[in-house]
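Notes for the one structure printed next.
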Amino acid sequence: MWELILKPWPWYVAGPLIGLMVPLLLLLGNKPFGISSSMRHICAAVMPAKIPFFQYDWRKEFWLLIFVGGVILGAFVATQYLSDHTTAHLNPQTITDLKALGVNQFDGMLPANIFNFSSLLSLKGLVFIVLGGFLVGFGTRYAGGCTSGHSIMGLSNLQWPSLIATICFMLGGFLMVHIGYPLIFKLF
Amino acid sequence: MQFTIEKEIESNKSPKVEPKITSDSNLKYLLAGAIFGIVLIKSEVVSWFRIQEMFRLQSFHMYGVIGSAVLTGAISVWLIKKFKVKSFDGTLIQIAPKSFSKGQIFGGLSFGLGWALTGACPGPIYAQIGAGFGVTFVTLLSALAGVWVYGRFKDKLPH
């Protein structure tokens, strides 16, 4: 049993557990599942700058900041104590495709030759970390939610705007990987 | 009011004291978040490589995770509505409906582009930080900047 916990979890274990976050938060305090709002609350708390979008009582939403604190803690615990440090086998075709682009490190969760502090000030780091992060924050707020708020919570509640958002999330991803990547990797 | 008889007794003793957010009510969200963080890591949905596999249609993993999560969530929400379930603080569970705006298209596309670059949605950004990838803290700061810029220019954007 413990060995199974230490290994990467298959989708049919992880997916239902993620889905159960929806009823868990509803039962704990009538809270909708949705992580990206936490970033709005942080902006409202740290730099409201008299912008109407950030002028609300973020303290009432403090639970979500506690929740994301829990996510950081849980991720730490899982990485340090609940892992045998193996990763599931990637599709060999994915590895071949990425090698052709110049990604040559396949351990862990992120390619170390892109996601490190020394690449941060190179064009590569700026594109993947800084521009990527910006698009995630800007896009989720513009869309009114992210994969948790729209794709899981919204779809669970059969909301058609969430279906449109989810289709656009996927479409954006396909565009970046199939059209953006070949162009971007030529820059480095 | 939230939580138990002890609190009522307390408030009987000193009725003028405003009920505050208690530490135990925050603790439950910390624990819920920690469970979510563990699942995000163990399922590898925070993995940049897994996101690549998904957008290259080379693995079922991410589709299986998202699909079974939605199915589980949908059944849960259906049951909650059908049986008019109350949350632990005794209030009837209600879910605010989402309204459509063009933002779901433009914002959705923008997030998708960023998702494929960073390998992370907002939840996984926090998980990547917890997993010890220090540089992903910059991803978070950048995402916060994106949220702020959206808030600043919200009125000028099509919705």
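Convention: sequence-line order gives letters A, B, ...; per-chain numbering from 1.
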Item to complete: Examine whether an atom of T87(A) lies under 4.5 Å from a heavy atom of chain B, and if so say whether it belongs to the side chain, the backbone or both; otherwise answer neither.
Response: both

Discussion item. If I measure from the heavy atoms of chain B, does Q105(A) come under 4.5 Å with its side chain, its backbone, both, or neither?
Written reply: both

Item to complete: Following the transitive rule for hydrophobic clusters with a side-chain heavy-atom cut-off under 4.5 Å over Ile, Leu, Val, Met, Phe, Trp and Tyr, establish whether L4(A) and L6(A) coincide in one cluster.
Response: no

Worksheet item: So which part of I5(A) gets closer than 4.5 Å to some heavy atom of chain B, the side chain, the backbone, both or neither?
Response: backbone

Discussion item. Taking side chain as everything from C-beta outward and backbone as N, CA, C, O, which of these in F115(A) sits under 4.5 Å from a heavy atom of chain B? Side chain, backbone, both or neither.
Written reply: both

Worksheet item: Under 3.5 Å, is there a donor-acceptor pair linking the side chains of T118(B) and T139(B)?
Response: no

Item to complete: Test the R152(B)-F53(A) pair against the cation-pi criterion, namely NZ or CZ under 6.0 angstrom from the six-membered ring centroid and within 45° of the ring axis.
Response: no

Item to complete: Please determine which of I93(B), V77(B), L79(B) meets the side-chain contact (heavy atoms from CB on, under 4.5 Å) test together with V85(B).
Response: I93(B)

Practice prompt. Inspect the surroundings of CZ in F100(B) and state if more than 12 heavy atoms from other residues, nucleotides or ligands are less than 6.0 Å away.
Written response: yes

Practice prompt. Validate the cation-pi geometry between R40(A) and Y150(B): distance from NZ or CZ to the six-membered ring centre under 6.0 Å, angle to the ring axis within 45°.
Written response: no

Discussion item. What part of P16(A) gets within 4.5 angstrom of chain B, counting heavy atoms only: side chain, backbone, both, or neither?
Written reply: both

Discussion item. Can you tell me which portion of S119(A) sits under 4.5 Å from chain B's heavy atoms? Options are side chain, backbone, both or neither.
Written reply: neither

Worksheet item: Checking K81(B) against chain A: side chain, backbone, both or neither under 4.5 Å from a heavy atom?
Response: side chain

Practice prompt. Give a yes or no on whether H85(A) atom NE2 has more than 12 heavy-atom contacts from other residues, nucleotides or ligands under 6.0 Å away.
Written response: yes

Worksheet item: So which part of V136(A) gets closer than 4.5 Å to some heavy atom of chain B, the side chain, the backbone, both or neither?
Response: both

Worksheet item: Would you say the side chains of Y181(A) and Q52(B) form a donor-acceptor pair under 3.5 Å?
Response: yes

Discussion item. What part of M153(A) gets within 4.5 angstrom of chain B, counting heavy atoms only: side chain, backbone, both, or neither?
Written reply: side chain

Worksheet, complete the sentence: Turns out that what part of L71(B) lies under 4.5 Å from chain A's heavy atoms comes down to neither

Worksheet, complete the sentence: Honestly, the part of V13(A) sitting under 4.5 Å from a heavy atom of chain B is neither

Discussion item. The test is side chain to side chain donor-acceptor pair (under 3.5 Å); show your working for T91(B) and S87(B) and say whether it passes.
Written reply: CA-CA 6 Å; T91(B) 55; S87(B) 66; 3.1 Å; yes

Discussion item. Walk me through whether F106(B) and H159(B) qualify under ring-ring contact (aromatic ring centres under 6.0 Å, His included).
Written reply: CA-CA 9 Å; F106(B) 301 127; H159(B) 279 88; 9.0 Å; no

Discussion item. Is it true that N91(A) and S59(B) share a donor-acceptor pair across their side chains at a distance under 3.5 Å?
Written reply: no

Fill in: Contact origin within I95(A) toward chain B - heavy atom pairs under 4.5 Å
neither

Fill in: Contact class of V147(B) relative to chain A, heavy atoms under 4.5 angstrom
both

Worksheet item: Any idea which of Y12(A), W160(A), F138(A) has the most non-hydrogen atom pairs under 4.5 angstrom with chain B?
Response: F138(A)

Worksheet entry | Contact origin within N30(A) toward chain B - heavy atom pairs under 4.5 Å | both

Discussion item. Tell me if the centroids of the rings in F106(A) and F49(B) come within less than 6.0 Å of each other.
Written reply: yes

Item to complete: Give, as side chain, backbone, both or neither, the part of H41(A) having an atom under 4.5 angstrom from any heavy atom of chain B.
Response: neither

Worksheet item: Measuring heavy-atom distances to chain B, does I51(A) have an atom under 4.5 Å in its side chain, in its backbone, in both, or in neither?
Response: side chain

Worksheet item: Which region of T136(B), side chain (C-beta onward) or backbone (N, CA, C, O), has a non-hydrogen atom less than 4.5 Å from a non-hydrogen atom of chain A, or is it both or neither?
Response: side chain

Fill in: Interface moiety of M62(B) toward chain A, non-hydrogen atoms closer than 4.5 Å
neither

Worksheet entry | Which atoms of S148(A) approach chain B - backbone, side chain, both or neither, heavy atom under 4.5 Å | neither

Worksheet item: Do the ring centers of W115(B) and F55(B) come within less than 6.0 Å of each other?
Response: yes

Fill in: Contact origin within K98(B) toward chain A - heavy atom pairs under 4.5 Å
both

